[in-house]
2 protein chains.
Amino acid sequence: MKLAVLGVGLIGGSIGLAARERGGAEVRGFDPDPGTAERARELGVLDLVADSVPEAVAGAEVVICAGPVRALPGLVREALEASEAGVVVSDVGSTKLELAESVASMEQATRFIGGHPLAGAETAGVENSRADLFDGARWFLTPTDRSEGLLFDRLHSFLAALGARPQAIGPAEHDRAMATISHLPHVLANVLASRAAETLVDGERRSEVGRSFRDTIRVAGANPAIWGDIFAANSDAVAAEVDAVISRLERARDLLRAGDSAALADWQQRAHDDRVKLLESAVPGGELFELR
Amino acid sequence: MKLAVLGVGLIGGSIGLAARERGGAEVRGFDPDPGTAERARELGVLDLVADSVPEAVAGAEVVICAGPVRALPGLVREALEASEAGVVVSDVGSTKLELAESVASMEQATRFIGGHPLAGAETAGVENSRADLFDGARWFLTPTDRSEGLLFDRLHSFLAALGARPQAIGPAEHDRAMATISHLPHVLANVLASRAAETLVDGERRSEVGRSFRDTIRVAGANPAIWGDIFAANSDAVAAEVDAVISRLERARDLLRAGDSAALADWQQRAHDDRVKLLESAVPGGELFELR
């Protein structure tokens, strides 16, 4: 099996490592930063460093675009143009609809199947690559009705060999789900951190913050360059989630102002039941995976 | 030293244990449930079980009311009426202003000093009492200008002997700070859990939730009976925080709809800076303590 990895950070690097160690693949890689690609080869992530996208994809059966969200539309188009019939091109971006639409008009769109592994780590960079990063992790795939079934099968088998659990989902449905379970928590963390900083940090009294607070702001301000792009790429779905939360907060605010402890306990009980329902419906082992 | 504990759950029980083991105190306890009080004596939390509040406070130098928030105004009034001059009465409730106001008109209000230990655990009940529960934990005290200084000193020394770090704060300031760092995160957790349950749980597809999501909903629906009372007791301050968050979410929603990734990255960067500022201003070791 011959694999091309375009963009060699934590995710691209871990794909390369896992493909070499578990899939027995020959991995060719390209990165816009030649030093990064060379470092990846030294770390055993790549067999060969390519100087360009066409050189990397030449002869590959599977091409994975693992650059930042902002760069993906250009990178995927370039990979599709440079590769031949019978080559499947995928990506690892956190949002899928915008990318799918930007590729849809291409003749080669039948060979593109978007992807999104629900895996990651607090640390970035090829130095932190791990062959086991995708063990048991859900890997969403977004084939369209134009996608070639044979290529979907090949990509699916390749990802399963890395240790992941591939699953097909529509790109719009994917982005709406991510808006709720990943992007919205980041928005709430940002807002809570900024509100608390406004009221608590006065330079005199040192604030006391407990675990519930720390948990809620843990992802506040996560990698601003990456998240600016993610929010922009999924802006409609995230804005809709924020609107839904605003409505719920307005109702909670009215309930609070009424000050009826029995009604507030009922509200708390409904949140309890919703939380239990959510965790019961979650895939076992899902707690191991960090959403980007 | 003679101590009376009124209400013997996790907090009251841990105060009793710590006072006996560390302060060499004689601890007399009362609980509306006689079985609970007897169990506390068996566990070594109490020296003596009292059958009533007056019996428990007879001869005590320090009285701690450790019942649920809803019961505190009545319990504190009863303890003040039953105890003699020179006896300090305190409590451990999560909100302070409403209680202070309900006691203010009493002649004995000079002997009441509200308290709130920033300590707790996932588990409740006297069986989970620990003598080290308050080690290094901030313990807010809310003396007023009518409080007797000598009694404040005695209470302060007693709590320090338990291992806590007592600190005076105004009751209104206390409740505003708790609204931001404790009660508001609970509101956000509730709202996120209920929104996600609405959109994700459809009985067919099992949802995938990552650590950031789980962290944000961890406290959703925490003990509904307790939290209905806490929200009701601090409803004005929490409602004001919710309003502040709604304003910030409306601005974030507008920023999202505009879809400018550079502006979104700037917003993300400000949240990052606010988070760093908050954590830098936090008291070292504060992450060990769970706010109720």
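Protein chains get the first letters and strands the later ones, always in sequence-line order, with residue 1 at the start of each.
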Tell me whether R275(B) contacts the main-chain N or O of R218(A) through its side chain, where contact means a donor paired with an acceptor under 3.5 Å.
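Yes, the answer is positive, given that a donor and an acceptor are paired below the 3.5 Å cut-off.
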Option that, when pairs with chain A are counted at under 4.5 Å, heavy atom only, ranks first among [options]:
options: R270(B), R176(B), E250(B); result: E250(B)
options: D254(B), D273(B), V191(B), T216(B); result: V191(B)
options: P224(B), A220(B), A262(B), A232(B); result: P224(B)

Is there a side-chain contact (heavy atoms from CB on, under 4.5 Å) between I246(A) and R253(B)? Walk through the geometry before answering.
CA-CA 10 Å; I246(A) 288 172; R253(B) 187 259 332 269; 4.3 Å; yes
Quick one: what part of [X] sits under 4.5 Å from any heavy atom of chain A, side chain, backbone, both or neither?
X: R251(B); value: neither
X: L184(B); value: side chain
X: A222(B); value: both

Compare every heavy atom of [Y] with every heavy atom of [X], then report the nearest pair and how far apart it is.
X: A271(A); Y: G221(B); result: CB-N, 3.9 Å
X: V242(A); Y: L249(B); result: CG1-O, 3.5 Å
X: K277(B); Y: A197(A); result: CE-CB, 4.2 Å

Out of [options], which one racks up the most heavy-atom pairs below 4.5 Å with chain B?
options: S194(A), A177(A), S247(A); value: S194(A)
options: D243(A), V245(A), D229(A); value: D243(A)
options: T180(A), D266(A), D236(A); value: T180(A)
options: S261(A), A265(A), A263(A); value: S261(A)

Under a 4.5 Å cut-off applied to non-hydrogen side-chain atoms, are [X] and [Y] in contact?
X: L278(B); Y: F213(A); result: yes
X: W227(B); Y: L264(A); result: no
X: V187(B); Y: W267(A); result: yes

Interchain contact, R70(A) with chain B, by part (heavy-atom threshold 4.5 Å):
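Side chain of R70(A) only, per the 4.5 Å heavy-atom cut-off to chain B.
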Apply side-chain contact (heavy atoms from CB on, under 4.5 Å) to residues R214(A) and L279(B) and explain how you reach the verdict.
CA-CA 9 Å; R214(A) 281 172 193 266; L279(B) 295 184; 3.6 Å; yes
Quick one: [atom1] on [X] to [atom2] on [Y], what's the gap to the nearest 0.5 Å?
X: I181(B); Y: L192(A); atom1: CD1; atom2: CG; value: 10.0 Å
X: N190(B); Y: H272(A); atom1: CG; atom2: NE2; value: 11.0 Å
X: L256(A); Y: E241(B); atom1: CG; atom2: CD; value: 11.5 Å

Counting only heavy atoms not in R195(A), do more than 12 sit closer than 6.0 Å to its CZ atom?
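Check passes, neighbour count above 12.
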Tell me, yes or no, whether the heavy-atom count around R257(B) atom CZ, taken from other residues, nucleotides or ligands under 6.0 Å, exceeds 12.
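For R257(B), atom CZ is crowded (more than 12 foreign heavy atoms under 6.0 Å).
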I'd like to know if E198(B) pairs up with R248(A) as an ion pair, taking the criterion as any Lys NZ or Arg NE/NH1/NH2 lying under 4.0 Å from an Asp or Glu carboxylate oxygen.
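A salt bridge links E198(B) with R248(A).
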